[in-house]
Engineer: 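This is the structure, below, for whatever I ask next.
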Amino acid sequence: MLLTRITGPRDLDRLTPEELDQLAAEIRSFLVDAVSKTGGHLGPNLGVVELTIALHRVFDSPRDKVLLDTGHQSYVHKLLTGRQDFSKLKSKGGLSGYPSRAESEHDVIENSHASTVLGWAEGLAKANELLRKPDHVVAVIGDGALTGGMAWEALNNIAAAKNRPLVIVVNDNERSYGPTIGGLANHLATLRTTDGYERFLARGKDLLERTPVVGRPLYETLHGAKKGLKDFITPQGMFEDLGLKYVGPIDGHDIEALESALQRAKRFGGPVIVHCLTEKGRGYQPALQDEADRFHAVGKIHPDTGLPISASGADWTSVFGEEMVKLGEEREDIVAITAAMLHPVGLTEFAKRFPDRVYDVGIAEQHAAVSAAGLATGGLHPVFAVYATFLNRAFDQVLMDVALHKCGVTFVLDRAGITGTDGASHNGMWDMSLLQVVPGLRIAAPRDADQVRAQLREAVAVEDAPTVVRYSKGAVGPAVAAVGRIGGMDVLREPSESAGDSPDVLLVSVGALAPMCLEIADLLDKQGISTTVVDPRWVKPVDEELPVLADLHRVVVVVEDNIRIGGVGAAVAQALSDGGFDMPVRNFGIPPRFLDHASRKEVMAEIGLTAPDIARQVTGLVARIGGRYGHEPADAGSQGAEVTRPTTAEPVRD
Ligand SMILES: Cc1ncc(C[n+]2csc(CCOP(=O)(O)OP(=O)(O)O)c2C)c(N)n1
Ligand SMILES: CC(=O)[C@@H](O)[C@H](O)COP(=O)(O)O
Ligand SMILES: [Mg+2]
């Protein structure tokens, strides 16, 4: 087994070409075996086995910086840099599914948001130049990530510095999740299919080297042929039009060809693009599963069939997708937008039914938001479905293009709240704070499937302002019925009879946390603390009736799956203060810090976003403010309460 003998990149140097091919085969079978057990980005990593081996043979990490865009294709890099225990991949205490500085000095970019690698590389290359460091920077960017605007901002700067060494590897597998779209994809296809300079040389080399006496010198002559030969053989590509040297296309699964191209690029002394042709999911053809996304991101699967181990039930995404199809049938003006994630955001069926009314813009969320403003201004109602965390980068477009112009655009934020296993940059924990400041924008946080359907319909009915519908990842929770309505708010639980008309706690439940909030109310009830639980449904703007309702209570508690700063809790406190109400407001949410990867449940427990944790803290709060706001709560323990009363304020765990 060669793989276990690789403890770091320099162990690759002594392997023969045959051993390198054997290592690649070992890595592939390792990946299928390990990732089928844990879930993860199987397809992308199967596509970069030879490329990663060649990178680590040509460049000397960590002195040279090997940078990966998005980082989901970093498993091979990890295997070659001393990390081969994948048994807890993406689980608490196990390897992250992305690069991690805490794991290794070979890792640089932890951010899993696409299209940033060239910016990082440009900055590092400038630093090396100014500090006169001879180290190399090599950045790997996928064809999908190359459709992101930031990549072109960086390329514009990179191309300006003709003598600043920087190697850019375009990992071109023609796919993001699905096929990569757009003019760039078409241009890459042209480059792929042109019988390029490299292939010419490769063929020439093969032919000439079989006649060593004449062949070798002639090959060197050809190889050193001036630009004229290249122009003659390869049409001028846009990269060269930009002033970047282009090397390729290279067979991304031929280690020798890759190393030859990377060595030349390394010596070039300026910015150079190495265009590698790879296959996502290469080498894995399970019996039964022709996975549409080429195993881009799989859950636990049967390695030999490729089929999921456990069938997933109804999830938030499918509820949205089904309702979108119904809306599409009812309203011809409704169109859908995705940023290269048609299937993951639930638009597959909509696209099948209405192929002319769905737009995949590539990994380009900023463009998606502005294009949506155009679509709305043009008389349509766009629904941009996107993971909550990825909308962060389009904040200005939401603010200054969509909201400023009062465009009727609906943003559907999937994976809102803690997602957990994809690490810090994938949690959808900032949207209700960022969007809180957007004038006119309205935010809905549905608590169950019925509310997703209802609130999506309410959202697309708004034509003069942006609307947002945000929900969690994975299985949708149980239906939570309302027992009443106050203003626009659903009452999920009335206070206990004993409270009369002065219940203790108004508990504002946001979105999918409704079941947990009902559990909190039960725990408080055991303490003799009476609670009214309301679900505002639309959390922005704050319901006008909320302050009036709050005034009937001694304390207001807000529980949200969003960062604690500037979210719904803050907005409620602001509304109460603006109305002259000064009862205490206690906000429970996600602390303002980056959260290590673990399951959603583990992360929620770690940050204290659980019913027992919150009930205990609310009990303490009510006890402390008892005298100031009227009657004492019923004696603790009168109903066999288990929860202990803390005597002093528990520090907020940030
Ligand atoms: C800003 C942003 N939007 C969406 C995603 C989700 N996402 C992760 S990987 C991926 C596709 C990347 O395609 P490519 O860059 O070609 O890499 P490949 O998977 O083909 O190796 C997408 C859309 C993301 N990580 N970041
Ligand atoms: C890097 C990438 O592809 C992410 O978008 C991630 O895979 C999301 O995973 P889920 O779709 O399982 O939330
Ligand atoms: Mg790709």
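Everything numeric here is computed off the predicted structure, so don't read it as measured data. Atoms within each ligand, like the ligands themselves, are counted from 1 in listed order. FYI, side chains are in, hydrogens and waters are out, and symmetry mates aren't considered; it's all heavy atoms of this structure.
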Engineer: Which protein heavy atom lies closest to atom 2 (C) of ligand 2, and at what distance to 0.1 Å?
Structural biologist: His41 NE2, 3.3 Å

Engineer: Does ligand 2 have a heavy atom under 4.0 Å from the side chain of Pro344, from its backbone, from both, or from neither?
Structural biologist: neither

Engineer: Is there a donor-acceptor pair closer than 3.5 Å between any side-chain N or O of Ser425 and the backbone N or O of Ser112?
Structural biologist: yes

Engineer: What is the closest protein heavy atom to atom 1 (C) of ligand 2, and at what distance does it sit?
Structural biologist: Tyr98 OH, 3.2 Å

Engineer: Determine whether a donor-acceptor pair (N or O, by modelled atom type, separation under 3.5 Å) exists between the side chain of Ser36 and the backbone of Val32.
Structural biologist: yes

Engineer: Looking at Leu42, is its backbone amide N or carbonyl O close enough to the side chain of Tyr284 to form a donor-acceptor pair, meaning the two atoms are under 3.5 Å apart?
Structural biologist: no

Engineer: With distance as the sole test, does Ser74 use its side chain to make a donor-acceptor pair with the main-chain N or O of His77 at under 3.5 Å?
Structural biologist: no

Engineer: In Å and rounded to the nearest 0.5 Å, what is the CG to CZ distance from Leu347 to Phe350?
Structural biologist: 7.5 Å

Engineer: Is Glu174 salt-bridged to Lys280, going by a charged N under 4.0 Å from an acidic O?
Structural biologist: no

Engineer: Side chain of Arg101, backbone of Val108: donor and acceptor closer than 3.5 Å?
Structural biologist: yes

Engineer: State whether the side chain of Gln84 and the backbone N or O of Leu80 hold a donor-acceptor pair below 3.5 Å, judged by distance alone.
Structural biologist: no

Engineer: Short list, please: which atoms of ligand 2 are under 4.0 Å from a heavy atom of Met341?
Structural biologist: 5 (O)

Engineer: Is there any N or O on Tyr387 that sits under 3.5 Å from an N or O of ligand 2?
Structural biologist: yes

Engineer: Can Asp143 and Arg175 be counted as an ion pair, charged N to O under 4.0 angstrom?
Structural biologist: no

Engineer: Indicate yes or no: does Lys65 engage Asp107 in a salt bridge with an N to O separation below 4.0 Å.
Structural biologist: no

Engineer: So, with waters excluded, how many protein N/O/S atoms does the Mg ion (ligand 3) have closer than 2.8 Å?
Structural biologist: 3

Engineer: With heavy atoms of Arg415 as the reference, note each atom of ligand 2 found under 4.0 Å away.
Structural biologist: 10 (P), 11 (O), 12 (O), 13 (O)

Engineer: Is a salt bridge present between Glu103 and Arg83, judged by a nitrogen-to-oxygen distance below 4.0 Å?
Structural biologist: yes

Engineer: Considering only the protein, which heavy-atom contact is closest to atom 9 (O) of ligand 2, and what is its distance?
Structural biologist: Asp422 OD2, 3.5 Å

Engineer: State the atoms of ligand 2, each with its element, that fall below the 4.0 Å cut-off from a heavy-atom position in Ala297.
Structural biologist: 7 (O)

Engineer: Taking the non-hydrogen atoms of Thr419, is any one of them nearer than 4.0 angstrom to ligand 2?
Structural biologist: no

Engineer: Give yes or no for whether the N/O distance cutoff of 3.5 Å, strictly under, is met between Tyr177 and ligand 2.
Structural biologist: yes

Engineer: Quick one: ligand 1 N/O to protein N/O pairs below 3.5 Å?
Structural biologist:
from: ligand 1; atom 1: 3 (N); to: Glu365; atom 2: OE2; distance (Å): 2.7
from: ligand 1; atom 1: 15 (O); to: Ala145; atom 2: N; distance (Å): 2.8
from: ligand 1; atom 1: 16 (O); to: Asp143; atom 2: N; distance (Å): 3.4
from: ligand 1; atom 1: 16 (O); to: Asp143; atom 2: OD1; distance (Å): 3.1
from: ligand 1; atom 1: 16 (O); to: Gly144; atom 2: N; distance (Å): 2.7
from: ligand 1; atom 1: 16 (O); to: Arg175; atom 2: O; distance (Å): 2.8
from: ligand 1; atom 1: 19 (O); to: His72; atom 2: NE2; distance (Å): 2.7
from: ligand 1; atom 1: 19 (O); to: Lys280; atom 2: NZ; distance (Å): 2.8
from: ligand 1; atom 1: 20 (O); to: Asn173; atom 2: OD1; distance (Å): 3.1
from: ligand 1; atom 1: 20 (O); to: Asn173; atom 2: ND2; distance (Å): 2.8
from: ligand 1; atom 1: 20 (O); to: Arg175; atom 2: O; distance (Å): 2.9
from: ligand 1; atom 1: 20 (O); to: Lys280; atom 2: NZ; distance (Å): 3.3
from: ligand 1; atom 1: 25 (N); to: Ser112; atom 2: O; distance (Å): 2.8
from: ligand 1; atom 1: 26 (N); to: Ala114; atom 2: N; distance (Å): 2.9

Engineer: To check your reading of the model: name the closest protein heavy atom to atom 4 (C) of ligand 2, its residue, and the distance in Å.
Structural biologist: His426 NE2, 2.9 Å

Engineer: Look up atom CG in Leu55 and atom CG in Leu258, then write down how far apart they are to the nearest 0.5 Å.
Structural biologist: 8.0 Å

Engineer: Between ligand 2 and Lys473, is the shortest N or O to N or O distance under 3.5 Å?
Structural biologist: yes

Engineer: So, are Arg57 and Glu50 salt-bridged, with charged N and O less than 4.0 Å apart?
Structural biologist: no

Engineer: Would you call Asp172-Arg192 a salt bridge at under 4.0 Å N-O?
Structural biologist: yes

Engineer: Can you tell me if Glu602 uses its side chain to pair, donor with acceptor, with the backbone of Ser599 under 3.5 Å?
Structural biologist: yes

